[in-house]
2 protein chains.
Amino acid sequence: MQKQLHPNISVDCVIFGFDFEKLNVLLVERTYLHPETKEVIFSDYTLAGNHVYVDENLVDAAKRVLNNLTGLDNIYLEQFYAPEDPGRLLKKNDQLWLKKEGKNPEERVVSVCYFSLLNCKEVSIQKKDRNVDWHPISEIRNLGFDHDIILAQALKSLQVKLQNEPIGYEMLPLKFTLSQLQKLYEVVFDMEFDKRNFRKKVSKMKYLIQLDEKQKGVSHKPARYYIFSRDVYEKTKSDILNFSV
Amino acid sequence: MQKQLHPNISVDCVIFGFDFEKLNVLLVERTYLHPETKEVIFSDYTLAGNHVYVDENLVDAAKRVLNNLTGLDNIYLEQFYAPEDPGRLLKKNDQLWLKKEGKNPEERVVSVCYFSLLNCKEVSIQKKDRNVDWHPISEIRNLGFDHDIILAQALKSLQVKLQNEPIGYEMLPLKFTLSQLQKLYEVVFDMEFDKRNFRKKVSKMKYLIQLDEKQKGVSHKPARYYIFSRDVYEKTKSDILNFSV
DNA sequence: ACAAAAGTGTTTGTAATACACCCATGA
DNA sequence: TCATGGGTGTATTACAAACACTTTTGT
């Protein structure tokens with residue numbers, strides 16, 4: 001008879017942010033100094049995460065992490081993965097770090113992972129004592145713990161979700177231009193689209209509503225603003241599935 | 001400072017089975033008898049699940065559940081969800097049941113859920129002392145615990161996955177006919193497809209390979225057998241994504 | 001000979017792709 | 001007047017959808 005597991009539970013959040021140019025992820029710096037000499041032993045980045053409290057809903061724990069970093073509530077959150085490997089925190093640097101943080105490095109931690117979507121320009125990151133910042137997804141590598149794996153899963157889940165639901169609006173301001181929307185799809189899928197074909201495609205989306213208002217103060221022809229209507233979307237969406245492969 | 005959670009961890013498995021006619025799910029009967037009078041207080045069904053052992057990979061725990069029920073290894077397994085609500089086991093019947101099973105009904109259990117795919121005709125369910133059996137998905141309701149929610153999520157995940165990857169073959173024998181394949185897609189998506197259009201579509205899938213062998217002993221024109229070639233699939237698949245919505 | 005499912009083509013509409021120029025604004 | 005990004009249309013090709021009859025087998 002094997003012993004049952006009673007691990008610590010945490011949530012890890014892959015916080016995607018779009019800045020109208022590229023897709024970013026919010027990372028927390030992790031710098032480990034030698035206990036005596038204070039020289040830098042290693043320095044890298046991790047995703048944001050936190051432990052789950054007794055009687056706390058998992059998604060509420062993720063909301064807490066988000067609120068802590070941004071001061072915002074009502075951020076789009078989507079659960080996408082739970083790492084499976086019991087050895088996920090056993091790399092040397094991770095063990096050093098956990099010890100330093102006053103945690104038991106031997107203890108297993110089961111994480112449930114969420115991704116969330118933000119517009120970088122509209123949030124101010126609450127740094128507090130931490131060094132937290134946006135990093136372009138194309139430049140991220142060698143994250144701490146198993147966070148490279150989690151991030152790769154998150155991106156794939158975001159792509160699948162964005163392919164099937166209009167969640168891109170979560171990463172844009174209320175009013176946005178079609179070029180901004182196109183750029184968003186381009187950076188998420190890491191592909192370029194033809195402007196005319198893109199506009200033809202989105203013009204079929206009834207829930208994308210053109211405003212009379214235009215950009216101001218730009219040194220080129222001002223673009224029209226659009227808004228996303230969740231209302232129209234909910235009323236007109238169909239559940240038709242289409243196996244493609 | 002809130003107290004950190006150290007819950008029990010379990011895996012729940014939504015075991016889908018195709019019997020060439022409908023989509024089924026493997027359920028375990030749960031009958032609670034009055035401790036003295038032995039009259040039936042309630043009787044319902046739950047998904048298969050089990051606790052995770054210390055140092056056990058989560059997916060290995062799910063494999064253990066599967067192996068326990070079917071005697072098989074190497075079954076297709078896909079993690080899809082972790083229920084978030086701390087109150088997921090607090091319904092009256094569930095509490096009675098947990099007590100009867102010698103568990104602490106107050107203890108929080110965090111589950112990670114997997115779905116798996118089988119061909120009903122090719123597995124023999126190892127019942128042991130339990131009443132375990134296939135149930136047509138269209139007839140399943142009022143499962144124990146929060147398993148209705150888990151099942152609904154599983155079906156949606158299966159649909160999304162089947163739409164994007166040729167995993168249907170996991171629910172068919174090695175050799176299958178196109179009508180069987182079509183029926184599989186029909187029961188998963190709960191839609192009917194036109195035979196000619198379906199065949200036109202799958203004829204574009206290079207990894208679907210026609211054999212010379214035909215059905216035998218059927219009282220109608222015998223159908224040709226096909227096999228799925230994972231090899232060809234891996235070599236020819238493209239990652240092109242296509243946002244539709 | 002009959003019942004049962006297998007197998008097969010054409011037409012029509014809609015969506016995907018490729019491609020190039022003029023427009024409105026601020027500097 | 002120039003630089004910048006906004007905005008637009010057409011032709012071609014590929015895929016989706018609708019639809020009915022003949023074939024092969026066992027009984």
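Because the structure is predicted, anything quoted here is derived from the model rather than measured. Just the heavy atoms: all of them, side chains too, but no hydrogens, waters or symmetry mates, feed the values below. Per chain, numbering begins at 1; letters A, B, ... match sequence-line order.
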> Between atom CG in L181(B) and atom P in dA6(C), what is the gap in whole Å?
12 Å
> Reckon R199(A) touches a base, only the sugar-phosphate, or nothing at all at heavy-atom distances under 4.0 Å?
base
> Rounding to a whole Å, what distance do you find between K214(B):NZ and dG26(D):P?
12 Å
> Rounded off to whole Å, could you give me the CD-to-C1' distance for the E213(A) and dT25(C) pair?
17 Å
> Applying side chain to side chain contact (heavy atoms under 4.5 Å, CB included), can you list everything that pairs with K121(A), at least two apart in sequence or on another chain?
D19(A), F20(A), N119(A)
> Using whole Å, what does the distance between atom P of nucleotide dA17(D) and atom CD of Q182(B) come to?
13 Å
> If you count every heavy atom of other residues, nucleotides or ligands that lies below 6.0 Å from E192(A) atom CD, does the total exceed 12?
no
> Mind jotting down which residue pairs meet the side chain to side chain donor-acceptor pair (under 3.5 Å) criterion with at least one end in residues 60-71 of chain B? Sequence neighbours excluded, please.
Y53(B)-R64(B), E56(B)-R64(B), N67(B)-D73(B), N68(B)-K128(B)
> Would you mind reading off the distance between E192(B) atom CD and dA18(D) atom P, rounded to a whole angstrom?
12 Å
> Where does DNA chain D form stems of at least three consecutive Watson-Crick or G-U wobble pairs, each pair having both distances below 3.5 Å?
C:1-27 with D:1-27
> Return the value, rounded to whole Å, for the distance between atom OH of Y185(B) and atom P of dA16(D).
13 Å
> What's the CD-C1' distance between Q180(B) and dA6(C), to the nearest Å?
12 Å
> How close or far is atom P of dG7(D) from atom CZ of R224(A), stated in whole angstroms?
8 Å
> Look only at the side chain of N164(A) and the backbone of V160(A), and say whether a donor-acceptor pair between them is shorter than 3.5 Å.
yes
> Could you pick out which residue, V218(B) or Y226(A), lies toward the 5' side of DNA chain D when each is mapped onto its nearest nucleotide?
Y226(A)
> With sequence neighbours left out, which residue pairs that include part of residues 145-154 of chain A fulfil the side chain to side chain donor-acceptor pair (under 3.5 Å) condition?
R88(A)-D146(A)
> What residues form a side-chain hydrogen bond (donor to acceptor under 3.5 Å, both in side chains) with K214(A), not counting sequence neighbours?
none
> Dump every N/O contact between nucleotides 3-5 of chain C and the protein below 3.5 Å, one line per pair.
none

> Show me the donor-acceptor pairs within less than 3.5 Å that the side chains of residues 75-84 of chain B make with the rest of the protein, sequence neighbours left out.
residue, atom, partner, partner atom, Å
Y76(B), OH, E78(B), OE1, 2.9
E78(B), OE2, K161(B), NZ, 3.2
E84(B), OE2, Y114(A), OH, 2.6

> Residues two or more places apart in sequence or in another chain: which of them pass salt bridge (charged side-chain N to carboxylate O under 4.0 Å, His left out) with R224(B)?
D212(B)
> What does nucleotides 9-15 of chain D look like as a protein-contact string, B for base, S for sugar-phosphate only, - for none, at under 4.0 angstrom between heavy atoms?
BB-----
> Using the test side-chain hydrogen bond (donor to acceptor under 3.5 Å, both in side chains), find all partners of E186(A) that sit at least two apart in sequence or belong to another chain.
Q182(A)
> Name all residues meeting the salt bridge (charged side-chain N to carboxylate O under 4.0 Å, His left out) criterion together with K206(B); count only those two or more places apart in sequence or in a different chain, and write none if there are none.
none
> Can you give each donor-acceptor pair under 3.5 Å made by side-chain atoms of residues 216-223 of chain B, sequence neighbours left out, with the distance rounded to 0.1 Å?
none

